[in-house]
Amino acid sequence: GENVEQHPSTLSVQEGDSAVIKCTYSDSASNYFPWYKQELGKRPQLIIDIRSNVGEKKDQRIAVTLNKTAKHFSLHITETQPEDSAVYFCAAKEASSGYALNFGKGTSLLVTP
Amino acid sequence: IAGITQAPTSQILAAGRRMTLRCTQDMRHNAMYWYRQDLGLGLRLIHYSNTAGTTGKGEVPDGYSVSRANTDDFPLTLASAVPSQTSVYFCASSPLPRLRNTEAFFGQGTRLTVV
């Protein structure tokens, strides 16, 4: 199946700084790339997504970029706040598994005051 | 609006026992999925169903079975539980998986411990 690699596995930043999480995927047919945030003990929830015909998308302090040629996409969080602390997962939609989402292993983000 | 509901929320199970995790959604979504989440391994797909009456295998299907008799329900069965199946299980659903921008909505999870 699709291999989605996510880096880094842990990330610690000071409040107000930016955080960047990067993912790569292997299936060139993938066309949908969501990012999920999971707080401790909670379910994953979508924070932003991007389709393959778009290079960048922003939503307030969060942005995602996609480079289809290089098969990588990134999450950018600006002006980080302590409530941004969570585990973040990237994913890619995989046709070979019925268009299910294939997830990266996650990035644990800690924002310290 | 309930969305997607899993039961039970947690369970301790003796090895060798049979267990069914329940998942129900009221959003009339076509597709449903089961993932397991283990520390350091992220979310791994166990089985999926793109429409009632059809199912498919994901990345880690061994030891698990599913059925999709109707649109709303997608139970996951462990025929004979083993300790390596200790995990947090998430059910998810998606309206039209073949479309590009269709997110997956997750249930609250079931924490299963096999002893």
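A note on names: the letters A, B, ... follow the listed sequences, proteins ahead of strands, and every chain is numbered from 1.
Annotation: B:Tyr48 is not in aromatic contact with A:Tyr99 [ring centroid separation under 6.0 Å not met].
The CZ atom of B:Arg44 sits 13.5 Å away from the CZ atom of A:Phe103 when rounded to the nearest 0.5 Å. Between the CG atom in A:Asn102 and the CD atom in B:Glu59 there is a gap of 6.5 Å [rounded to 0.5 Å].
Of the atoms belonging to A:Gln38, it is side-chain heavy atoms, and not backbone ones, that fall under 4.5 Å from chain B. For B:Leu43, the parts lying under 4.5 angstrom from a heavy atom of chain A are both the backbone and the side chain. Interface remark: A:Pro34 contributes no atoms to any contact with chain B (heavy atom separation under 4.5 Å). Looking at B:Phe106, the atoms closer than 4.5 Å to chain A (heavy atoms on both sides) sit in the backbone and in the side chain alike.
Annotation: maximal heavy-atom pairing with chain B below 4.5 Å, among A:Gly104, A:Pro44, A:Gly106, occurs at A:Pro44.
Within the 4.5 Å cutoff, no side-chain heavy atoms of A:Gln45 are placed close to those of B:Phe105.
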Hey, mind stepping through A:Leu101 and B:Tyr35 against side chain to side chain contact (heavy atoms under 4.5 Å, CB included) and telling me if it holds? CA-CA 10 Å; A:Leu101 292 176; B:Tyr35 291 89; 3.6 Å; yes
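Counting only distance, with no hydrogens or angles, the side chain of A:Tyr36 and the backbone of B:Ala104 share a donor-acceptor pair below 3.5 Å.
For A:Phe89 against B:Gly42, the heavy-atom pair with the smallest separation is CE2-CA, 3.7 Å. When every heavy atom of A:Arg43 is checked against every heavy atom of B:Ile4, the shortest pair comes out as NH1-O, 4.0 Å.
The 12-atom threshold is not exceeded at CZ of B:Arg17, counting heavy atoms of other residues, nucleotides or ligands nearer than 6.0 Å.
Residues A:Val54 and A:Phe33 share a hydrophobic cluster, clusters being chains of Ile/Leu/Val/Met/Phe/Trp/Tyr side chains in contact below 4.5 Å. Criterion: ILVMFWY side-chain heavy atoms under 4.5 Å apart, direct or through other members. Under it, A:Val4 and A:Val20 are not part of a common hydrophobic cluster. Under the 4.5 Å side-chain heavy-atom criterion for grouping Ile, Leu, Val, Met, Phe, Trp and Tyr, A:Leu46 is connected to A:Val87 within one hydrophobic cluster.
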